[in-house]
Amino acid sequence: MNTWKTLETENDESRLLAGLIDEADAVVVGIGAGMSAADGFTYIGDRFKKNFPDFIEKYNWFDMLQASLFEFPSRQEYWAFQSRFAELNYLDQPAGEGYIALRKMLEGKKYHVITTNADNAFYAADYDMDKVFYYQGEYILWQCSNFCHQQTYRHDDQIREMVKAQEGMEIPRELIPYCPKCDAPMEVNKRTADKGMVEDEDFEADREKYNVFLEENSTGKVLYLEIGVGYTTPQFIKHPFWRMTRSNENALYVPMNQKSYRTPKAVRPKTVALTGDIQKNILNAQKQLT
């Protein structure tokens, strides 16, 4: 671990984060739901209750994640919820302070981001989107529910019309979107365990850019920075980060999470866990680099 000089001089978490980003030859950033939650975009509590009181009363949901995976009894109700959800978590979601500060820290560095989030956080914070890979889809995109072709669609005005026109937790029947190819109902472009998701040309191009970055930065002082990633889908960020850290003798794995997750024994000597408040650590780290 002597390769990373910052580890010999810093103990404070925000100073460690700033020093490791500054010292790294390249940074691979994995972003999970905990990052957006740290910026206040939570799926529980008042934000959930304020925007979905009728759905909560009817279905007794615990949070927005549970709600977003619910099997709705009709397409009218499905789009009543999904349109409200997309407006809140994409169209009208403001830029997060933590996301902005992280972008500023990464400017001038070789970096790439992979995220399992599907909100607008990177767009709102003005990231270079050629360096961001949305692996789980985006709330604003639609796909054919039959997967008849590999293309996604976006209709912001229709989403807002669904929100405006809905009554009794249903949108008007004429606003239900249908596939232009096979006439099956459309659905949100979001990966599920049983079906996966439509992966169009833009998705494939983003995947290629990410994989090329990983290949070109597989040696040297590579920082695998994992922020707010839980264990719901560890196969997309957490497990690959462990494998890449193991395969590069100079790599460092830095998970930022207030929850503790078991790390493989082989990765622990190359792991620096930052367990403090995610947003505060990022904001304070960014100040160190200005």
Side-chain angles (χ1 to χ4, degrees), residues 33 36-37 39-96 115-124 129 134-192 194-200 202-203:
S36 287
D39 267 348
F41 309 132
T42 59
Y43 282 10
I44 60 174
D46 291 341
R47 189 168 180 265
F48 178 41
K49 295 174 183 177
K50 178 182 177 182
N51 289 282
F52 300 96
D54 45 359
F55 282 98
I56 294 171
E57 182 178 1
K58 181 175 181 178
Y59 294 115
N60 198 31
W61 287 330
F62 176 73
D63 59 19
M64 265 188 271
L65 177 60
Q66 177 192 17
S68 68
L69 300 174
F70 186 72
E71 291 288 338
F72 290 90
S74 71
R75 286 287 163 175
Q76 288 174 272
E77 193 170 310
Y78 172 85
W79 282 109
F81 172 81
Q82 296 293 352
S83 61
R84 246 190 272 177
F85 185 89
E87 187 173 66
L88 174 66
N89 294 299
Y90 203 103
L91 293 177
D92 292 344
Q93 182 171 287
T115 182
T116 50
N117 295 347
D119 60 15
N120 75 337
F122 296 99
Y123 296 96
M129 297 309 296
Y134 274 84
Y135 192 80
Q136 296 270 59
E138 298 181 46
Y139 295 137
I140 199 60
L141 300 179
W142 301 351
Q143 65 188 22
C144 172
S145 59
N146 281 344
F147 286 46
C148 78
H149 65 299
Q150 296 296 305
Q151 179 62 51
T152 60
Y153 299 85
R154 177 169 177 170
H155 298 285
D156 297 9
D157 290 343
Q158 191 168 345
I159 286 291
R160 292 200 185 277
E161 182 62 23
M162 290 178 186
V163 174
K164 182 180 178 181
Q166 64 183 251
E167 292 183 4
M169 295 183 294
E170 290 187 344
I171 65 166
R173 189 174 298 276
E174 61 268 21
L175 288 179
I176 298 174
Y178 291 92
C179 175
K181 303 288 187 181
C182 73
D183 206 36
M186 299 291 270
E187 63 185 13
V188 176
N189 178 232
K190 188 75 171 71
R191 190 180 304 280
T192 61
D194 56 335
K195 291 175 59 178
M197 74 178 195
V198 165
E199 299 176 355
D200 62 12
D202 290 337
F203 178 91

Can you check whether [Y]'s main-chain N or O pairs, donor with acceptor, with [X]'s side chain at less than 3.5 Å?
X      : Y      : answer
Lys49  : Ile56  : no
Ser36  : Ala33  : no
Asp39  : Phe41  : no
Asn146 : Cys148 : no

Do you know which two heavy atoms are closest between [X] and [Y], and how far apart they sit?
X      : Y     : answer
Asn89  : Tyr43 : OD1-CE1, 3.6 Å
Ala118 : Tyr90 : O-CD1, 3.6 Å
Asp119 : Gln93 : OD2-NE2, 3.3 Å

Answer yes or no: is there a side-chain heavy-atom contact under 4.5 Å between [X] and [Y]?
X      : Y      : value
Trp79  : Leu175 : no
Cys179 : Trp142 : no
Lys190 : Gln82  : no
Lys181 : Cys144 : no
Ile140 : Asn120 : no
Tyr59  : Phe52  : no
Glu87  : Asn51  : no
Arg84  : Asp54  : yes

query = Among Met186, Gln76, Met162, which residue meets the side chain to side chain contact (heavy atoms under 4.5 Å, CB included) test with Ile176?
reply = Gln76
NZ on Lys164 to OG on Ser83, rounded to 0.5 Å = 13.5 Å
request  = Measure the CD1-CZ distance between Ile159 and Phe85 for me, rounded to the nearest 0.5 Å.
outcome  =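 Spacing of CD1 (Ile159) from CZ (Phe85) equals 11.5 Å.
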Looking only at side chains, do [X] and [Y] share a donor and an acceptor under 3.5 Å apart?
X      : Y      : value
Arg154 : Asn189 : no
Tyr123 : Glu138 : yes
Gln143 : Glu187 : yes

task = Measure the acute angle between the ring planes of Phe203 and Tyr135, then classify it against the limits of 30° and 60° as parallel, tilted or perpendicular.
result = tilted
inquiry  = Quick one, Asp63 with Gln66, criterion side chain to side chain contact (heavy atoms under 4.5 Å, CB included). Give me CA distance, side-chain angles, the key distance, then yes/no.
reply    = CA-CA 6 Å; Asp63 59 19; Gln66 177 192 17; 3.3 Å; yes
